[in-house]
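It should be emphasised that the depicted structure is a prediction, and the values quoted were computed from it without experimental measurement.
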Amino acid sequence: MSRQAARRLGRREAALEPMVRPANGFLSALSADDYELIRPHLRTVDLPHDAVLVEAGDTLRRAYFPHRGVISLVVKLAKGEHVQVAMIGRDSLLGTLSIMGDACALNTAVVLVAGVASAMDLDRLRVAADQSAALRTLLTRHGLAVYAQVQQTAGCNAAHPVEARLARCLLHTHDLSGDYRLQLTQEAMAQMIGARRNSVSLVANTLQQANFIHYSRGHIQILNLDGLRQTACECYATVKAQYDRLLGR
């Protein structure tokens with residue numbers, strides 16, 4: 001992690017109690033033996049809004065298992081545009097691909113929705129994975145699930161209307177955070193769906209007029225999940241089905 005990223009990360013950090021298993025899908029899916037391999041190395045950390053966990057091209061040194069909050073994986077383009085390619089929340093972890101392959105980050109990881117996570121040194125998680133075939137398999141399946149999301153997002157941003165894409169991303173953010181109230185600026189939503197800010201403003205107003213959301217000054221309250229599901233493109237259900245298949249939910 002860069003010094004800048006370290007400064008932007010929350011200061012609170014504490015060891016986990018032996019009998020407490022955090023509210024994270026990956027950690028919950030571990031057997032008792034596999035969880036014990038990593039439990040002594042887990043620390044609870046804050047995920048402040050907009051904190052940069054790793055920059056593209058830097059070495060990822062920590063794995064993050066969100067309990068609350070959402071991490072956005074962002075690609076930075078040459079002209080300065082930022083486009084989100086995937087999100088990670090309470091169902092998975094940041095670091096699967098780095099554990100199984102190259103620790104050099106392929107994209108920038110930024111906290112989209114503030115929260116809390118368990119974190120541990122990537123090297124220690126790699127050692128634990130070397131000791132357990134089941135842990136390696138679970139890491140691989142989580143990596144495949146994130147890759148499936150990246151693939152679907154690329155197709156979605158290229159082919160589907162802005163309104164459908166925004167509905168998809170709001171639903172996914174709700175699923176990952178477990179919250180109906182989201183702090184999302186127009187800039188953040190533009191990155192999420194690969195669109196211009198003025199397009200986001202128009203579409204957000206459309207969703208608000210339909211009483212699907214209430215939007216004001218960077219704060220969104222989801223009012224009608226069914227309405228958003230009907231507005232969203234097929235990609236929301238496709239990604240959800242891939243996660244269910246790969247992670248056995």
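Within 6.0 Å of CZ in R124 there are 12 or fewer heavy atoms belonging to other residues, nucleotides or ligands. Heavy-atom contacts from other residues, nucleotides or ligands closer than 6.0 Å to CZ of R229 number more than 12.
Of all the heavy atoms in A204 and Y215, the pair that sits closest is CB-CD2, 4.1 Å. Taking both residues in full, the closest heavy atoms of M192 and C169 are given as CE-CB, 3.4 Å, listed atom of the first, atom of the second, then distance. Listed here is the closest heavy atom pair of A114 and H49: CB-N, 3.7 Å. Residues G95 and L60 come closest through the heavy atom pair CA-CD2, 3.7 Å. A pairwise comparison of heavy atoms in A128 and L37 identifies O-CD1, 3.9 Å as the closest pair. Shown here for H174 and D179, the closest heavy-atom pair between the two residues is ND1-O, 3.0 Å.
One distance of note links CD of Q84 with OG of S72; it measures 3.5 Å at 0.5 Å rounding. Rounded to the nearest 0.5 Å, atoms OG (S177) and CD (Q183) are 12.0 Å apart. Going from atom OG1 of T153 over to atom CG of N157 covers 6.5 Å, rounded to the nearest 0.5 Å. Of the inter-residue distances, the one linking N198 atom CG with L202 atom CG reads 6.5 Å to the nearest 0.5 angstrom. Atoms CG and CZ, on L166 and F212 in that order, are 12.0 Å from each other to the nearest 0.5 Å. The CG atom of D130 sits 6.5 Å away from the CZ atom of R136 when rounded to the nearest 0.5 Å.
Ion pair K76/E81 not flagged as a salt bridge, since none of the NZ, NE, NH1 or NH2 atoms sits closer than 4.0 Å to an Asp/Glu carboxylate oxygen.
Criterion: ILVMFWY side-chain heavy atoms under 4.5 Å apart, direct or through other members. Under it, I99 and Y147 are not part of a common hydrophobic cluster. Placement of V75 and V146 within a single hydrophobic cluster is found when ILVMFWY residues are connected by side-chain heavy-atom separations under 4.5 Å, directly or transitively. The hydrophobic cluster containing L246 also contains V150, counting ILVMFWY residues as joined when their side-chain heavy atoms lie under 4.5 angstrom apart, directly or transitively. Under the 4.5 Å side-chain heavy-atom criterion for grouping Ile, Leu, Val, Met, Phe, Trp and Tyr, L228 is connected to L176 within one hydrophobic cluster. The hydrophobic cluster containing V110 does not contain M87, counting ILVMFWY residues as joined when their side-chain heavy atoms lie under 4.5 angstrom apart, directly or transitively.
Evaluated for a side-chain hydrogen bond (donor to acceptor under 3.5 Å, both in side chains) with S118, the options R21, H67, R39 yield exactly one hit, H67.
With a 4.5 Å cut-off on side-chain heavy atoms, V111 and L53 count as touching. Two residues are said to be in side-chain contact when any heavy atoms from C-beta on lie closer than 4.5 Å; I71 and P66 meet this criterion. With contacts defined as side-chain heavy-atom distances shorter than 4.5 Å, the pair D50/L112 does not qualify. V70 is not listed as a side-chain neighbour of I88, based on a closest heavy-atom distance of 4.5 Å or more. With contacts defined as side-chain heavy-atom distances shorter than 4.5 Å, the pair R168/C156 qualifies. With contacts defined as side-chain heavy-atom distances shorter than 4.5 Å, the pair I193/V200 qualifies. Taking the side chain as every heavy atom from C-beta outward, L42 and F65 approach each other to under 4.5 Å. Taking the side chain as every heavy atom from C-beta outward, R181 and I220 never approach each other to under 4.5 Å.
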Please lay out, stage by stage, how D33 and S132 fare under the test side-chain contact (heavy atoms from CB on, under 4.5 Å).
CA-CA 9 Å; D33 288 342; S132 169; over 6 Å; no

Just do the side chain to side chain donor-acceptor pair (under 3.5 Å) check on Y243 and Q149 with the steps written out, would you?
CA-CA 9 Å; Y243 268 64; Q149 186 188 159; 2.9 Å; yes

Step-by-step side-chain contact (heavy atoms from CB on, under 4.5 Å) determination, I213 to L223:
CA-CA 5 Å; I213 64 171; L223 304 175; 5.5 Å; no

When you look at V83 and V74, which way does the side-chain contact (heavy atoms from CB on, under 4.5 Å) test go after all the steps?
CA-CA 5 Å; V83 180; V74 178; 5.9 Å; no

Working for side-chain contact (heavy atoms from CB on, under 4.5 Å), residues L93 and L27
CA-CA 9 Å; L93 73 153; L27 296 178; over 6 Å; no

Criterion ring pair (Phe, Tyr, Trp, His ring centres under 6.0 Å) on Y236 and H172, from CA distance to verdict:
CA-CA 7 Å; Y236 171 70; H172 197 190; 7.1 Å; no

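Checked by atom type and distance alone, the side chain of T185 pairs as donor or acceptor with a backbone atom of A188 at under 3.5 Å. A side-chain donor-acceptor contact under 3.5 Å links N224 to the backbone of D226. Remark: the backbone N or O of L122 is not paired with any side-chain donor or acceptor of R62 at under 3.5 angstrom. In this structure, the side chain of S201 does not engage the main chain of R197 through any donor-acceptor pair within 3.5 Å. No side-chain donor-acceptor contact under 3.5 Å links S199 to the backbone of A195. With hydrogens and angles ignored, the 3.5 Å screen pairs no side-chain donor or acceptor of Q152 with any backbone N or O of V239. Put simply, the side chain of T108 gets close to the backbone of A56: a donor and an acceptor are under 3.5 Å apart.
For the residue pair H142/T96, the side-chain donor-acceptor check at 3.5 Å is not satisfied.
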